[in-house]
Amino acid sequence: MRTIQAKPLSVEAFAPYGTYSDLLHPTGMDFNGFYRDQVLMPLSGRMPVAFSPLTVRRAERKIVTSAEYHNYTPEGVLPLDDDMVLHVAPASNEPVPQLTEAFLVPKGTMVCLRAGTWHLAAMPVNVEEGHVLIVLPERTYFNDCHVVQYAPEDQVEILL
């Protein structure tokens, strides 16, 4: 098993995987408290966007044992009540656990993962049980979700 260090979000480091915005401390054009278009999630077709709550539990060790990707859609991830660690790897036809990176996503920061980016659920840092808002086109988890389990030698432990 390999270990990696979780790093803070930065535009440059996270660019291969997507975009993000701190929704609790927005920047840009302030229209009387409204900050427009902070995170863009390109979609096509007539499929509605679904907002789904996800409850995640803190583990003693943050070990990446599996990952998923979506071919045709990005995914929005918004940690609601705790800072979270999010692991990602570049889009590819085969799993690339050796390219896994981890980012510390502050609560209230919306992340939009590019289509094809390997990832799985965010992991809470401070609380036993955290809550995440997942944004995907309706039924993506059924019709465009490819999950792989990593062999023990391919698993990655994330250090804070």
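A quick note: this is a predicted structure, and the numbers were derived from the prediction, not measured.
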Self-check item: Candidates Leu86, Leu104, Thr109 - the one meeting side-chain contact (heavy atoms from CB on, under 4.5 Å) with Leu9
Solution: Thr109

Quiz prompt | For Phe103, the option from Ile158, Val88, Val85 that meets side-chain contact (heavy atoms from CB on, under 4.5 Å) | solution = Val88

Can you hop from [X] to [Y] via hydrophobic side chains spaced under 4.5 Å?
{"X": "Tyr35", "Y": "Leu23", "result": "no"}
{"X": "Leu136", "Y": "Met84", "result": "yes"}
{"X": "Trp118", "Y": "Val56", "result": "no"}
{"X": "Leu113", "Y": "Leu133", "result": "no"}
{"X": "Val156", "Y": "Leu99", "result": "yes"}

Exercise. Return yes when atom OH of Tyr72 has more than 12 non-hydrogen atoms of other residues, nucleotides or ligands closer than 6.0 Å, and no otherwise.
Key: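 Not more than 12 within 6.0 Å, no.
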
Exercise. Might you confirm whether atom CZ of Phe142 has over 12 heavy atoms from other residues, nucleotides or ligands at distances under 6.0 Å?
Key: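 12 or below, so no.
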
For a 4.5 angstrom cut-off between non-hydrogen side-chain atoms, does [X] reach [Y]?
{"X": "Val135", "Y": "Val49", "value": "yes"}
{"X": "Pro53", "Y": "Thr55", "value": "no"}
{"X": "Phe14", "Y": "Val111", "value": "yes"}
{"X": "Val77", "Y": "His119", "value": "no"}
{"X": "Pro16", "Y": "Pro90", "value": "no"}
{"X": "Met123", "Y": "Val64", "value": "yes"}
{"X": "Thr65", "Y": "Tyr150", "value": "no"}
{"X": "Met41", "Y": "Pro137", "value": "yes"}

When you measure from the side chain of [X] to the backbone N and O of [Y], does any donor-acceptor pair fall under 3.5 Å?
{"X": "Arg2", "Y": "Gln98", "result": "yes"}
{"X": "Glu101", "Y": "Ala89", "result": "no"}
{"X": "Tyr20", "Y": "Val11", "result": "yes"}
{"X": "Ser92", "Y": "Glu94", "result": "yes"}
{"X": "Glu75", "Y": "Tyr69", "result": "no"}
{"X": "Lys62", "Y": "Pro124", "result": "yes"}
{"X": "Asp82", "Y": "Asn126", "result": "yes"}
{"X": "Asp154", "Y": "Pro97", "result": "no"}

Report the distance from atom [atom1] of [X] to atom [atom2] of [Y], rounding to the nearest 0.5 Å.
{"X": "Thr117", "Y": "Glu68", "atom1": "OG1", "atom2": "CD", "value": "11.0 Å"}
{"X": "Met29", "Y": "Arg36", "atom1": "CE", "atom2": "CZ", "value": "6.5 Å"}
{"X": "Gln155", "Y": "Gln149", "atom1": "CD", "atom2": "CD", "value": "8.5 Å"}
{"X": "Asn143", "Y": "Thr73", "atom1": "CG", "atom2": "OG1", "value": "9.5 Å"}
{"X": "Asp22", "Y": "Met110", "atom1": "CG", "atom2": "CE", "value": "13.0 Å"}

State, to 0.1 Å, how close [X] and [Y] come at their nearest heavy-atom pair, and which atoms those are.
{"X": "Pro74", "Y": "Cys112", "answer": "CB-SG, 3.8 Å"}
{"X": "Thr19", "Y": "Val39", "answer": "OG1-CG1, 4.2 Å"}
{"X": "Thr140", "Y": "His70", "answer": "CG2-ND1, 3.6 Å"}
{"X": "Ala67", "Y": "His87", "answer": "CB-CE1, 4.4 Å"}
{"X": "Gly108", "Y": "Leu78", "answer": "C-CD1, 3.6 Å"}

Practice problem: Give every residue pair that meets the salt bridge (charged side-chain N to carboxylate O under 4.0 Å, His left out) criterion with at least one member in residues 120-139, sequence neighbours excluded. | Solution: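 Counting only pairs at least two positions apart or across chains, the salt bridge (charged side-chain N to carboxylate O under 4.0 Å, His left out) contacts touching residues 120-139 are Arg57-Glu129, Arg58-Glu128.
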
